[in-house]
There are 2 protein chains.
Amino acid sequence: MTKAENTRSGILRRAFSLIYQKGYQATSIDDILVDSPVTKGAFFYHFKNKEEMGLAMIQEIMYPGMYDVLVTPLNNSTNPVEELYLMMHNLLLKSPFFQVKYGCPAVNLIEEMAPLNEAFKQALSKLILQWQKAIITNVNNGKNTGSIKPDVNAEQVACFITAGYGGVRNIGKLLGTACYHSYLHELKKYLNQLQ
Amino acid sequence: MTKAENTRSGILRRAFSLIYQKGYQATSIDDILVDSPVTKGAFFYHFKNKEEMGLAMIQEIMYPGMYDVLVTPLNNSTNPVEELYLMMHNLLLKSPFFQVKYGCPAVNLIEEMAPLNEAFKQALSKLILQWQKAIITNVNNGKNTGSIKPDVNAEQVACFITAGYGGVRNIGKLLGTACYHSYLHELKKYLNQLQ
DNA sequence: CATAAAAGATACTACTTGGTATGTTTTACG
DNA sequence: CGTAAAACATACCAAGTAGTATCTTTTATG
């Protein structure tokens, strides 16, 4: 990685961390640059404006991160229902970067920016559609191998699961990890009923 | 209602509408007052600062609204499972004020403010705990009358349902009403499994 | 009506924000 | 090495922000 690439990705990583904790609009460019070797000149050399930086952050930080944690594990699974539960379990309880009080970076950004900015909305849509697609494939695998009932609608299941995730990240901000465990418990019941 | 009470609640109602669409931090006091007969002097006569106005908005606008739509209908119900589904159905599809692209005011505010402001977090916790309490009572009614299985954990169910709601409001911002219907379909399956 | 307090209006300030203008340094490459 | 472009640094600005100081009007009450 060249020095220039390094400053660019440094900006994005730091922006990601701050935006995760404070929100996109509440995180100023100065916030991103303070206590950092990078200056405003470098920032605006690499990004036309704050919006382009935000979109780059989604594509270069959030999208790959999501793909590794959510899509890859689902693709090569033997037991679909078990794998879906594990995905959620690991996502909620085993992601070292995530903090309960700050929720999920993607959910936060959707909540804040989807209604305000069409470009953000498009970029974030791709993100969760990719996740839903992986779940759909997984469910259809289960239907093909007979471990999931044939009348199950994979698209609806994917929507239900991704929605539940976003919601529990939201409530977790208020009630802490306890509701993660409640959610997982009921999710298991829901998933079993698909079998 | 006296004239003063009217200006006060006028500020709160207008703040609620704008904050619903733009977020709390992105809504300036000037935004709230522009195209309105109320001036800044009146605003700061009625509220010590923006934070107190926001807290008053939660208590005087959001809390009563939530109570009417979510708690009251659940309290006097004959068929708990059916009532829970109807609550969600009406909430998602029959609330005239809500718009898919803007989600739910309470969910939005939790997402944005819970990690940033302890007073907001407390006020919003009361809000959703009240809702969860109503669901718990409802489920326990069902357990007592035999329409819900005795091994069902009411607290967990409440958590699961409220989480699902918040999440589908989030995803709805990206994917529109289609996912509301998907969610409702799967929610019904989940609820039936409690019987 | 008188008057004190409540309610509201106006003008201002200190500070933050995204962005720019203009400079200097570093790097790639013939 | 020389030089042009890439990469970065510094100083600044116009717009917007929450909040204040100070004044005027309205309202309730004896």
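Residue numbers begin at 1 in each chain, while the letters A, B, ... track the order of the sequences. Just so it is clear, the model here is predicted, and its values are computed rather than measured. In what follows, every heavy atom counts, from backbone to side chain, and hydrogens, waters and symmetry copies are set aside.
- As rounded to whole Å, 12 Å separates atom P of C:dT17 from atom CG of A:L33.
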What donor-acceptor contacts under 3.5 angstrom involve side-chain atoms of residues 114-122 of chain A, with partners at least two apart or in another chain?
residue	atom	partner	partner atom	Å
A:N117	OD1	A:A119	N	2.9
A:N117	OD1	A:F120	N	3.0
A:N117	ND2	A:E51	OE2	3.1
A:E118	OE2	A:Q122	NE2	2.7

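- If you take CZ of B:F44 and P of D:dT22, they are 17 Å apart, rounded to a whole angstrom.
- Whole-Å rounding puts the A:N6 CG to C:dT27 C1' distance at 15 Å.
- If you measure from atom CD1 of B:I29 to atom C1' of C:dT16, you get 15 Å, rounded to the nearest angstrom.
- Looking only at distances, no side-chain donor or acceptor of A:K126 sits under 3.5 Å from a matching main-chain atom of A:Y63.
- A tilted orientation is assigned to the rings of A:F43 and A:F47, their planes being inclined by 30° to 60°.
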What pairs of nitrogen or oxygen atoms, one from the protein and one from nucleotides 8-12 of chain C, lie under 3.5 Å apart?
residue	atom	partner	partner atom	Å
C:dG8	OP1	B:T7	OG1	3.0
C:dG8	OP2	B:T7	OG1	3.1
C:dG8	OP2	B:H46	NE2	2.5
C:dA9	OP2	B:T39	N	3.2
C:dA9	OP2	B:T39	OG1	2.7
C:dA9	O5'	B:T39	OG1	3.4

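- As rounded to whole Å, 14 Å separates atom C1' of C:dG18 from atom CD of A:E52.
- Remark on DNA chain C: of its neighbouring residues A:K48 and A:A26, the 5'-side contact belongs to A:A26, judged by nearest-heavy-atom nucleotide.
- In this entry the distance linking CD1 of A:I32 with P of C:dG19 reads 11 Å, nearest Å.
- Between the CD atom of B:Q25 and the P atom of C:dT17 there is a distance of 11 Å, given to the nearest Å.
- Between the C1' atom of C:dA21 and the CZ atom of A:F43 lies a distance of 18 Å, rounded to the nearest Å.
- Using a 4.0 Å cut-off between charged side-chain N and carboxylate O, A:D31 and A:R14 make no salt bridge.
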Can you give the donor-acceptor pairs under 3.5 Å from side chains of residues 188-195 of chain A to other protein atoms, not counting sequence neighbours?
residue	atom	partner	partner atom	Å
A:Y190	OH	B:E186	OE1	2.6
A:N192	ND2	A:K188	O	3.3
A:Q193	NE2	A:Y190	O	2.9

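- Side-chain rings of A:F98 and A:Y102 stay apart, their centers remaining 6.0 Å or farther from each other.
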